[in-house]
Number of protein chains: 2
Amino acid sequence: MAMAADADAVSPRERYRSQVRADIKARAWEQIAKAGATGLSLNAIAKELGMSGPALYRYFGSRDELITELIRDTYRGLADTFRAAADSGAGIGGLAHALRRWALDDPQRYFLVYGTPVPGYQAPADITGIAQEIMAALLDVCAAAEPEAPPSASAGFTAHLSQHREWAGGHPAPPGVLRRALAFWTRMHGVLSLELAGHFTGMGFDQDRLFDAEVAELASGR
Amino acid sequence: MAMAADADAVSPRERYRSQVRADIKARAWEQIAKAGATGLSLNAIAKELGMSGPALYRYFGSRDELITELIRDTYRGLADTFRAAADSGAGIGGLAHALRRWALDDPQRYFLVYGTPVPGYQAPADITGIAQEIMAALLDVCAAAEPEAPPSASAGFTAHLSQHREWAGGHPAPPGVLRRALAFWTRMHGVLSLELAGHFTGMGFDQDRLFDAEVAELASGR
DNA sequence: TGCTGGCGTTAGAAGCTATAACAAACATGA
DNA sequence: TCATGTTTGTTATAGCTTCTAACGCCAGCA
């Protein structure tokens with residue numbers, strides 16, 4: 001109320017518009033959480049919001065455009081989560097558990113990014129930019145872990161990475177750190193996606209402990 | 001011609017029926033390969049086969065039923081691949097590369113089994129039975145690898161497995177082997193699914209070598 | 001006050017899954 | 001050989017989807 005600076009004067013129209021867009025996205029997330037991205041229906045969302053079908057196309061040009069926006073938000077959220085964990089000095093284990101919490105919080109959101117790709121789809125350029133942010137935070141954390149990793153069974157690949165490191169942006173991490181970051185990515189995704197997809201249900205063991213074990217082996221040198 | 005034993009006398013009707021079913025599945029696989037499981041259209045398949053829409057429902061009760069059948073066939077094929085690799089004395093590395101070849105051969109087929117789960121879907125009981133076969137073959141291979149795995153960073157979880165091993169069926173493998181089989185599953189799936197989903201494209205490094213590296217670290221004790 | 005741009009509406013095309021009702025072909029028993 | 005019943009195909013139809021087109025209205029701005 002006291003912050004009546006009109007510097008950020010948004011027209012009431014824009015205000016309304018972004019409000020409706022947010023409502024639509026909120027409903028979309030509900031639908032995705034309970035039926036997956038496949039089960040997302042623009043029609044159903046419109047009806048839920050009290051407006052009739054095609055009105056929704058004033059806010060999102062197509063179903064794909066809405067989903068792309070959700071994917072973008074998801075990348076953004078994951079990047080923020082990673083950045084926060086990295087800046088708070090969390091180690092590899094801390095980052096891993098932050099990732100798992102984020103994933104378990106809404107499995108379908110995780111699958112929106114790391115799930116089955118639809119063959120034709122190409123993510124817009126700005127999304128791959130956010131993906132770079134995620135990688136940067138991961139590299140920061142890996143670089144801050146114990147400086148010298150014990151010689152690994154894959155020394156050859158680590159050497160290969162020293163000559164193919166463009167994907168790390170300008171990050172100054174040595175190849176061993178690059179290798180560790182890749183291992184973090186592949187292994188955490190491996191356990192997590194199987195867990196989220198329910199492939200472990202009914203197997204009897206404690207899924208928390210499996211994840212912790214995999215984190216321990218990743219963090220303990222190797 | 002010489003094998004005119006009428007023991008396996010299938011009525012020409014059944015013969016025709018199973019032929020049409022096979023045709024339908026073949027077209028379905030084409031569609032899935034090029035547009036993913038989401039893009040599978042019964043109508044389009046029917047038209048391709050020269051019959052009109054609803055005729056297809058004589059052969060598959062519903063879209064879900066067809067997809068379930070494809071999933072079943074996929075599990076069956078993967079189980080056979082694993083069994084063959086295991087029986088041919090392939091080690092952990094051999095099994096891993098057999099898996100990767102099988103996956104790269106048709107990525108969407110891989111995702112049909114290990115991709116984004118649709119929230120409501122529950123696989124029929126016989127499919128989980130085939131999944132058990134896959135696990136058994138994996139356990140065989142892991143058991144045949146070096147008998148004693150070095151002490152790992154996750155000894156606690158291995159101990160936990162010794163008391164939660166029902167999922168291994170009656171397999172006599174010691175807990176360390178169970179641990180290794182789980183690691184095989186999660187790690188190979190981690191690298192593979194990221195590779196198949198295209199998350200590594202444009203990163204510049206050699207994806208074969210990443211896979212080999214991960215296999216090497218898995219096989220080299222730990 | 002009057003104009004214009006954004007918003008919401010209904011109508012409709014084209015696609016999909018799936019069911020119902022009906023016709024033809026086929027296999028088999030009397 | 002003829003009749004019966006099963007199996008396979010057809011068209012029609014309901015109900016859903018995405019998305020375009022044409023129209024009316026109303027709010028905000030000059």
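Chain naming here is simple, since letters A, B, ... match the order of the sequence lines and numbering starts at 1 in each.
Put simply, CG on B:Leu66 is 10 Å from P on C:dA18, counting in whole angstrom units. Rounded to whole angstrom, the span from the CG atom of B:Leu56 across to the C1' atom of C:dT17 amounts to 11 Å. Rounded to whole Å, the distance from CZ on B:Arg15 to P on C:dA27 is 14 Å. Rounding to whole angstrom units, CD of residue B:Glu14 and P of D:dT6 are separated by 16 Å.
A salt bridge between B:Glu133 and B:Arg76 is present, with a side-chain N of the basic residue lying under 4.0 Å from a carboxylate O of the acidic one. Look at B:Asp87 and B:Arg83 and you find a salt bridge, because one of the NZ, NE, NH1 or NH2 atoms lies within 4.0 Å of a carboxylate O, short of that distance.
Within 4.0 Å of B:Tyr59, counting heavy atoms only, lie sugar-phosphate atoms of the nucleic acid but no base atom.
Annotation: ring-ring contact (aromatic ring centres under 6.0 Å, His included) contacts involving residues 38-68 of chain B, sequence neighbours excluded, are absent.
A cation-pi arrangement is absent between B:Arg180 and B:Trp185 under the rule of less than 6.0 angstrom and at most 45 degrees off the ring axis.
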Is there a salt bridge (charged side-chain N to carboxylate O under 4.0 Å, His left out) between A:Glu214 and A:Arg187? Walk through the geometry before answering.
CA-CA 8 Å; A:Glu214 210 61 20; A:Arg187 295 195 192 172; 5.1 Å; no
Just do the side-chain contact (heavy atoms from CB on, under 4.5 Å) check on B:Leu178 and B:Trp167 with the steps written out, would you?
CA-CA 10 Å; B:Leu178 267 47; B:Trp167 54 272; 3.8 Å; yes
For B:Thr186 and A:Phe200: C-alpha separation, side-chain torsions, deciding distance, then whether side-chain contact (heavy atoms from CB on, under 4.5 Å) applies.
CA-CA 11 Å; B:Thr186 62; A:Phe200 296 147; 3.9 Å; yes
For nucleotides 17-30 of chain D, give me one character per nucleotide, 5' to 3': B if any protein heavy atom sits under 4.0 Å from the base, S if the only such contacts are to the sugar-phosphate, - if neither.
SBBB-B----B---
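Scanning residues 16-27 of chain B for heavy-atom distances under 4.0 Å to DNA chain D yields B:Tyr16, B:Arg17.
Taking each heavy atom of A:Ile67 and A:Ala37 in turn, the nearest pair found is CD1-O, 4.5 Å.
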